[in-house]
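Structure, as structure tokens:
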Amino acid sequence: AALGLLAARWTVPVLIAMLAPSDEPVQLAVGVDGRVLAFTIAVSLLTAIAFSLSPALRASKVDVHSALKSGTRLSGAVPTLQGRLLLAVQMALSLVLLVTSVLFVRTLLNLQTLDPGFDRRHLILAGITYNGAERTGDAALGLAWLELLRRAASVPGVESASTAGGGPLVGASGMLPVRVEGATGRADVDPNWLVPVSANSFRTLGARLVMGRDFEPRDFAPGAPWVAIINETAARRHFGSENPLGHRISDFDSTPPRWAEVVGIASDMRFETLRNAPPAMIYLPFTQNAFTAVGGSPRIMTLWLRVRGD
């Protein structure tokens, strides 16, 4: 127990240091919980007493005089049912712990080698909420986010800055079915993740564009034609083997439809969890009001920063 406490005190600072992405320390209040420690000591003492008394009680029932008279060996006696049951339980628990440890290590190695679809090295995500006037229009709110991007990009050590309505392993700002221009009926009832983004978002994430182009500054200008970038999963769902570039998509709630032209296809990214398959995703310029679910410039955005390495 004493060695365990010393190991905990020595290893906790090491583990916290491993979490730090740079020389900046991570502020975590980590310590030994007294209640957990007391419970562990109590269970250990009870276990030691119980398993120490069991052999003593069994030995106290042996008739030493009769055993010596008959010449029976007291040592190496045949194990009792209790002893065999205890041995079986210990082996079963040891096997369970061994299998669980192997599976845990295997899962950890798989997650470390899994490609999330973006470069997670030197990437910082920060959620930001705009607390300005409630009646701030879309244009003024868009200018506020653009000013934030300008200031963030000017910070020393920042290579690229972008904002988005969500982020990898964070989620998206909206989900809804979409329709393809020319398609009949409500064919797609499965929701698509909608992510309003700023310019250079894919470069900031280190994501790959499979086809087409990235969003350009002209796409964020007032009155610009509505455009969208979809990921590979959305391309397969809505267009199959057909080239999606140049096609137009819209949600089902807009009347008349607000068609956004597909100008690019991005690689699949793990936006929900590392375990789940990438969902169908549609990226929109955050200043456009193409779909009602993510209309205008959202008040809650995620700041993406690509910083230089050590």
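Quick caveat: nothing in here was measured; it's all calculated off a predicted structure.
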Please list all pairs passing the salt bridge (Lys or Arg N to Asp or Glu O under 4.0 Å) test where one or both residues lie in residues 90-99, with sequence neighbours left out. none
Going by side chain to side chain donor-acceptor pair (under 3.5 Å), name the residues that satisfy it together with [X], two or more places apart in sequence or in a different chain.
X	value
E216	R218
R208	none
N200	none
R150	E147

Is there a path from V155 to L148 through hydrophobic residues (I, L, V, M, F, W, Y) whose side chains come within less than 4.5 Å of each other? yes
same_hphob_cluster(L98, L87) at 4.5 Å side-chain heavy-atom cutoff: no
My understanding is that a hydrophobic cluster links ILVMFWY residues whose side chain heavy atoms are under 4.5 Å apart, including indirect links. Using that, what else belongs to the cluster containing [X]?
X	answer
L97	none
V43	F39
V99	L95, L103

Contacts of type salt bridge (Lys or Arg N to Asp or Glu O under 4.0 Å), residue D214, not counting sequence neighbours: none
With sequence neighbours left out, write down each residue that passes salt bridge (Lys or Arg N to Asp or Glu O under 4.0 Å) with R213, or none if nothing qualifies. D219
Tell me, which pairs form a side chain to side chain donor-acceptor pair (under 3.5 Å) where one or both residues lie in residues 86-100, sequence neighbours left out? none
4.5 Å side-chain heavy-atom contact, [X] and [Y]:
X	Y	answer
H238	I230	no
L125	W304	yes
N231	V210	no
W226	I249	no

H122 and E159 side chains, donor-acceptor separation under 3.5 Å: no
For the residue pair Y283 and F202, categorise the inter-ring angle as parallel (less than 30°), tilted (30 to 60°) or perpendicular (more than 60°). perpendicular
Return yes if some donor-acceptor pair links the side-chain N/O of [X] with the main-chain N/O of [Y] below 3.5 Å, else return no.
X	Y	value
R258	S250	no
D268	E232	yes
T204	R306	no

Under the ring pair (Phe, Tyr, Trp, His ring centres under 6.0 Å) test, which residues partner F215, sequence neighbours left out? none
Scanning both residues in full, the closest heavy-atom pair of L284 with V227 reads CD2-O, 3.7 Å
